[in-house]
Number of protein chains: 2
Amino acid sequence: MAENITYTLHELVSALDSYADEVLRDQYDVSFSQFQFLAILATEQPSDLSHLATCLGVTRAAVSKRVPSLVAGGWITTSDDPENARRVMVSLTPAAEDLVRLASADLEEAFASMFADPRLDPATTPGALSVTALNAHLNTLTSILHDKGHC
Amino acid sequence: MAENITYTLHELVSALDSYADEVLRDQYDVSFSQFQFLAILATEQPSDLSHLATCLGVTRAAVSKRVPSLVAGGWITTSDDPENARRVMVSLTPAAEDLVRLASADLEEAFASMFADPRLDPATTPGALSVTALNAHLNTLTSILHDKGHC
DNA sequence: ACCCTGTTGTCAACTGGTTGACAAGACGGA
DNA sequence: TCCGTCTTGTCAACCAGTTGACAACAGGGT
């Protein structure tokens with residue numbers, strides 16, 4: 001077992017990411033980062049590039065470069081903001097909305113069954129924690145050292 | 001608070017990383033990824049490129065490309081393995097050993113004081129968890145979905 | 001009306017990773 | 001000994017992010 005909690009966290013995150021990536025590629029033929037882009041856009045729709053960039057935690061330039069391929073793939077559409085000629089507004093296509101809905105449910109179910117492991121059950125393992133309680137703790141930790149969330 | 005635990009984990013990790021990066025740049029003039037490279041090498045010294053790559057969780061090519069600049073910076077030295085002419089063995093310089101020792105202690109202290117927040121104290125917050133207990137839970141989670149560690 | 005300042009998207013150049021191909025050496029079995 | 005196979009490091013090409021610069025537009029104060 002890793003002694004250092006930062007090391008543990010990196011391991012866990014990369015394990016979760018690669019698992020999610022595998023599921024998404026197998027069943028929906030999209031990468032994890034594509035799904036992430038679309039899933040976040042789904043909750044912020046319609047959004048301009050800048051806002052999307054801060055939500056994704058990347059720079060405007062990075063988002064700007066990803067847009068053309070997502071448009072070509074039929075996942076998003078761009079439009080003008082009549083209020084501001086500089087702004088580029090982005091929305092999901094119906095196909096992307098379906099994808100986000102189905103894949104989110106799939107991933108959630110996959111994680112739930114993974115978290116159903118007996119080693120995480122307080123009834124069998126003394127001191128174990130429910131996932132929601134764990135999530136709350138991690139959120140507390142995050143808010144302690146990084147007060148402002150992205151969105 | 002983020003509802004999704006994977007999202008929470010990403011937030012926490014990136015917050016921890018950028019905090020560590022800031023501390024290391026301010027006080028030791030190295031980046032987080034440089035420190036990471038040296039700190040892992042410190043526990044595996046001396047090591048060939050392949051082993052170092054698996055410990056770092058990157059490819060051999062990535063390590064191969066980083067070596068020249070670390071040698072130029074006076075952090076590592078390379079030598080031949082008399083047993084195997086293909087192998088390139090890597091070791092820390094004394095300066096790097098000092099850096100790893102001092103910076104590790106500094107970071108550990110910084111994290112400890114961060115984790116001393118009252119919101120994480122079981123005495124004041126019912127249901128709160130010690131960092132070591134949290135670490136154990138995260139390790140359990142990791143081992144459930146990704147049995148093999150890097151090193 | 002005009003300027004100053006801030007916002008927004010895009011670009012070129014760079015960084016640090018990946019993949020796939022490859023050559024050099026290690027090594028065991030026929 | 002020689003051959004097939006594995007390991008090891010390196011390379012070119014690529015990918016997805018960053019930074020810093022920039023131009024276009026928005027909007028407020030004078």
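Lettering of chains follows the sequences in order, A, B, ..., and the numbering in each one begins at 1.
Closest to the side chain of V58(A), out of dT18(D), dG9(C), dG17(C), is dT18(D). Taking the side chain of L49(A) as heavy atoms from C-beta on, and the options dG17(C), dT10(C), dG17(D), the nearest nucleotide is dT10(C). Of the candidate nucleotides dG17(C), dT18(D), dT10(C), dT18(D) has the atom lying nearest to any side-chain atom of A62(A).
We find the CG-CD distance between L38(B) and E97(B) to be 10.5 Å, quoted to the nearest 0.5 Å. Atom CG of residue D98(B) and atom CZ of residue R101(B) lie 5.0 Å apart, to the nearest 0.5 angstrom. Between the CZ atom of R86(A) and the CG atom of L49(A) there is a distance of 10.5 Å, given to the nearest 0.5 Å.
For the pair D48(B) CG and dG9(D) C1', the interatomic distance rounds to 10 Å; values are reported in whole Å. The interatomic distance linking L52(A) (CG) with dT10(C) (P) rounds to 12 Å, in whole Å. Atoms CZ (R60(B)) and C1' (dA23(C)) sit 12 Å apart, rounded to a whole Å. Atom-to-atom, CZ of F35(B) to P of dG16(C) comes out at 18 Å; the value is rounded to the nearest Å. Distance, R87(A) CZ to dA23(D) P: 22 Å, rounded to whole Å. Rounded to whole Å, atom C1' of dT18(D) lies 15 Å from atom CZ of R66(A).
Remark: the K65(A) side chain and the dT18(D) base include a donor-acceptor N/O pair separated by less than 3.5 Å. If you check distances only, the side chain of R86(A) does reach the base of dA24(D) with a donor-acceptor pair under 3.5 Å.
Mapping V88(B) and G57(A) onto DNA chain D by nearest heavy atom places V88(B) closer to the 5' end of the strand.
At least one side-chain heavy atom of L102(B) sits under 4.5 Å from a side-chain heavy atom of Y28(B). Looking at heavy atoms from C-beta onward, L41(A) lies out of side-chain contact with V100(A) at the 4.5 angstrom threshold.
Sorted by residue number, the list of members of residues 69-85 of chain B with any non-hydrogen atom under 4.0 Å from DNA chain D is empty.
The aromatic rings of H10(A) and F32(B) sit parallel to each other, their planes meeting at less than 30°, with 60° as the upper class boundary.
For S64(B) and dG9(D), the shortest distance from a side-chain N or O to OP1 or OP2 is not below 4.0 Å. Within the 4.0 Å cut-off from OP1 or OP2 of dT18(C), at least one side-chain nitrogen or oxygen of T59(B) is found.
Summary of helix geometry: the two end axes of the helix from dA1(C)-dT30(D) to dA30(C)-dT1(D), each defined by five base pairs via their C1' atoms, are inclined to each other by 0° (rounded to 10°).
Counted by atom type alone, T6(A) and N4(A) present one or more donor-acceptor pairs between their side chains at under 3.5 Å.
Panel note: side chain T93(B), backbone W75(B); a donor-acceptor pair is recorded below 3.5 Å.
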**Message:** Show, in sequence, the C-alpha distance, side-chain angles and deciding distance for F35(B) and D21(B), and conclude whether the side-chain contact (heavy atoms from CB on, under 4.5 Å) test is met.
**Reply:** CA-CA 9 Å; F35(B) 171 75; D21(B) 195 65; over 6 Å; no
